[in-house]
Structure formats: structure tokens, C-alpha cells
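Residues: numbered from 1 along the sequence shown.
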Amino acid sequence: MPLTFRKSFRILPGVRLNINKKSWSITTGGKNGPRYTRSSTGRRTTSMDLPGPFGWRRTTRSRRTSG
């Protein structure tokens, strides 16, 4: 089993900084509503925990432009 690196820091109430080997992301919200995540790779995820075995997630990947 390979070893992985992942670390999460709470920088403000309701805001987390997540760091792994290849990228980082900022997550906001989540306690009583949707959770929004933006990654350094351009991925944007909106997710929400629903009662029971249900969950909802939408992920979009934006194109990075070189300038």
C-alpha cells in the first residue's frame, strides 16, 4: 500500500486549507449548507450532505490559461 500525504488546516471558522503532494485547495461552508471547494489545479466542487444514504456533488474543471 503506497503512502500518501494529505494535511488539512482550519484557517478561519468554516474555512479549510487542504494540502496534498501535488496541489492545494480551499474549502468553505459545509456545516448546514453546501460546501464549496476550489483547487489549485482548476477544479471546482460543490457538495452537500443530505439525510440518509444520499449525498450530492457537482465537479467542474476549468481550463487553465497560459499568459
Please answer: with hydrophobic residues joined when any side-chain heavy atoms are less than 4.5 Å apart, are Leu17 and Tyr36 in the same cluster? no
Under the side chain to side chain contact (heavy atoms under 4.5 Å, CB included) test, residues paired with Lys7 that sit two or more places apart: Phe5, Phe9
Partner residues of Arg16 under the side-chain hydrogen bond (donor to acceptor under 3.5 Å, both in side chains) criterion, sequence neighbours left out: Ser8
Please answer whether the main-chain N or O of Arg58 pairs with a side-chain N or O of Thr46 as donor and acceptor at a distance below 3.5 Å. no
For residues 35-56, the salt bridge (Lys or Arg N to Asp or Glu O under 4.0 Å) pairs (sequence neighbours left out) are Arg35-Asp49
Among all residues two or more places apart in sequence or in another chain, which pass the side chain to side chain contact (heavy atoms under 4.5 Å, CB included) test with Leu50? Met48, Phe54, Trp56
Taking all atoms of both residues into account, what is the closest heavy-atom pair of Ser25 and Ser39, and its distance? CB-CA, 3.8 Å
Listed partners of Thr27 passing side-chain hydrogen bond (donor to acceptor under 3.5 Å, both in side chains), at least two apart: Asn18, Thr37
Is it true that Ser47 and Thr45 share a donor-acceptor pair across their side chains at a distance under 3.5 Å? no
